[in-house]
**Q** 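Structure in structure tokens, see below.
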Amino acid sequence: MPELPEVETTRAGIVPHVVGRRVAQVVVRNRNLRWPIPTTLARQLTGQTVNSIRRRGKYLIIDTEAGHALIHLGMSGSLRIVTADEAVKKHDHVDLVLDDGRALRFHDPRRFGCLLWTRKDPLSHDLLASLGPEPLGVEFSGDYLHQKSRGRRSAVKGFIMDSHIVVGVGNIYASEALFRAGIHPKRAAGRISRQRYQALAHSIVEVLTEAIEQGGTTLRDFVNSEGNPGYFQQTLNVYGRESEACPQCGHAIMNIVLGQRSTYYCAQCQT
DNA sequence: AGTGCGGCCTGTCCGC
DNA sequence: TGCGGACAGGCCGCAC
């Protein structure tokens with residue numbers, strides 16, 4: 001579910017309520033996420049003050065003196081600030097109860113997300129160490145994409161969705177960025193010019209930035225930390241718009257499956 | 001090393 | 001109304 005803009009929206013929403021607070025209690029109702037929630041987490045996190053909350057790719061990092069909680073929202077996860085009396089719903093797997101009585105509540109129907117604990121530098125954790133650069137950071141550019149793509153014969157859409165190439169570009173924004181850059185999603189990554197990669201890098205930055213400004217995309221169930229949807233879906237040009245008219249040329253938007261993921265594009269504008 | 005899948009889960013929707 | 005199957009915003013781990 002959540003791509004980078006949704007994770008960033010979540011982070012920004014929980015920071016004012018969580019940073020500076022002490023974790024009074026950790027309530028784990030179901031530890032069977034993608035990886036089991038470590039039994040050490042509750043013991044080591046309880047009593048700790050949250051110093052900061054960072055994002056690396058689609059991971060959230062909750063920093064404390066004793067260690068760091070790593071959270072991934074997977075396909076269907078969300079984090080909300082809840083009041084002490086708010087009823088626990090199905091799939092509310094974990095509460096980090098804060099010292100003001102409220103709680104950070106982790107909800108994840110499909111349980112593709114995770115909640116891990118590490119005492120070392122979280123950026124060197126196995127899951128984070130090999131991640132590619134942040135698309136909104138200084139290392140990311142068209143030149144970088146062009147250089148990394150040489151010799152690759154697989155489709156450019158999968159290439160930009162590979163978190164070891166660049167983090168945070170999921171299925172929706174991959175289709176949207178390729179549309180904006182005029183690149184066909186099936187084109188071999190290694191056979192795209194430096195100039196076109198510059199357009200693509202620009203489109204990725206643009207689409208992610210705009211999505212963050214609009215609070216992310218809600219197609220079915222994304223909610224921010226206050227339980228509200230995002231508004232970027234109104235801005236989507238191709239995603240979910242099969243058979244609709246291309247906003248640029250009027251040609252019908254196509255929907256194909258690429259790498260087991262549904263992919264939307266305009267056959268006229270994208271080559 | 002790069003590529004292509006299977007698999008992890010539940011919920012929803014669609015056709016019969 | 002019920003049921004089977006496809007599909008859904010992610011991504012690791014494995015075979016080749």
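In the text below, chain A, chain B and the rest are named by the order of the sequence lines, each starting its count at 1.
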**Q** Do Phe232(A) and Pro5(A) have side-chain heavy atoms sitting under 4.5 Å apart?
**A** no
**Q** Within the pair Ser262(A) and dA8(C), is there a side-chain N or O less than 4.0 Å away from OP1 or OP2?
**A** yes
**Q** Report the residue from Asp63(A), Thr118(A), Asn51(A) that forms a side-chain hydrogen bond (donor to acceptor under 3.5 Å, both in side chains) with His68(A).
**A** Asp63(A)
**Q** Would you list the protein and nucleotides 9-11 of chain B atom pairs, both N or O, that sit under 3.5 Å from each other?
**A**
| residue | atom | partner | partner atom | Å |
| --- | --- | --- | --- | --- |
| dC9(B) | O3' | Arg111(A) | NH2 | 3.0 |
| dC9(B) | O2 | Arg110(A) | NE | 3.0 |
| dT10(B) | OP1 | Arg111(A) | NH2 | 3.0 |
| dT10(B) | O4' | Pro109(A) | O | 3.3 |
| dT10(B) | O3' | His91(A) | NE2 | 3.0 |
| dG11(B) | OP1 | Lys90(A) | NZ | 3.2 |
| dG11(B) | OP1 | His91(A) | NE2 | 2.6 |

**Q** Can you tell me how far P of dG4(B) sits from CG of Leu258(A), to the nearest Å?
**A** 9 Å
**Q** If we take the P atom in both dG5(C) and dG7(B), what is their distance in whole Å?
**A** 16 Å
**Q** I want to confirm an ordering. Mapping Asn255(A) and Arg34(A) to their closest nucleotides on DNA chain C, which one lands closer to the 5' end?
**A** Asn255(A)
**Q** Want to settle it: does Tyr59(A) or Thr218(A) sit nearer the 5' end of DNA chain C, counting the closest nucleotide to each?
**A** Thr218(A)
**Q** What's the CG-P distance between Leu127(A) and dC12(C), to the nearest Å?
**A** 6 Å
**Q** Is any side-chain N or O of Ser130(A) closer than 4.0 Å to OP1 or OP2 of dC12(C)?
**A** no
**Q** Name the stems that DNA chain B belongs to, where each is three or more consecutive Watson-Crick or G-U pairs with both distances under 3.5 Å?
**A** B:2-8 with C:10-16, B:10-16 with C:2-8
**Q** If we take the P atom in both dC9(B) and dC14(C), what is their distance in whole Å?
**A** 16 Å
**Q** List, by chain and number, the other hydrophobic cluster members for Leu128(A), where Ile, Leu, Val, Met, Phe, Trp and Tyr join if side-chain heavy atoms come within less than 4.5 Å, directly or indirectly.
**A** Trp35(A), Tyr59(A), Ile61(A), Leu70(A), Leu116(A), Leu123(A), Leu127(A), Leu131(A), Val167(A)
**Q** Write down the distance separating the P atoms in dC7(C) and dC5(B), rounded off to the nearest Å.
**A** 15 Å
**Q** Could you tell me how far apart Arg261(A) (CZ) and dC7(C) (C1') are, to the nearest whole angstrom?
**A** 11 Å
**Q** Let's go through Arg34(A) and His72(A) carefully: what are the C-alpha distance in whole Å and the side-chain angles of both, what is the deciding distance for side-chain hydrogen bond (donor to acceptor under 3.5 Å, both in side chains) to 0.1 Å, and is it a yes or a no?
**A** CA-CA 10 Å; Arg34(A) 171 165 199 157; His72(A) 197 293; over 6 Å; no
**Q** How about Leu73(A) and Asp108(A): do any of their side-chain heavy atoms sit closer than 4.5 Å?
**A** no
**Q** So, using side chain to side chain contact (heavy atoms under 4.5 Å, CB included) as the criterion, who are the partners of Ile256(A) when residues are at least two apart?
**A** Lys186(A), Thr263(A), Tyr265(A)
**Q** Taking side-chain hydrogen bond (donor to acceptor under 3.5 Å, both in side chains) as the cut-off, I'd like each qualifying pair that reaches into residues 247-256 of chain A, sequence neighbours left out, listed once.
**A** Glu242(A)-Asn255(A)
**Q** Starting from P on dC7(C), measure out to CG on Asn171(A) and report it in whole angstrom.
**A** 13 Å
**Q** Which parts of residues 140-166 of chain A get close to DNA chain C, meaning a heavy atom less than 4.0 angstrom away?
**A** His164(A)
**Q** Tyr173(A) has an atom OH; how far is it from atom P of dC11(C), in whole Å?
**A** 14 Å
**Q** When you compare dA1(B) with dC11(C), how far apart are their P atoms, in angstrom units rounded to a whole number?
**A** 22 Å
**Q** Parallel, tilted or perpendicular: which describes the rings of His91(A) and His107(A), with under 30° parallel and over 60° perpendicular?
**A** perpendicular
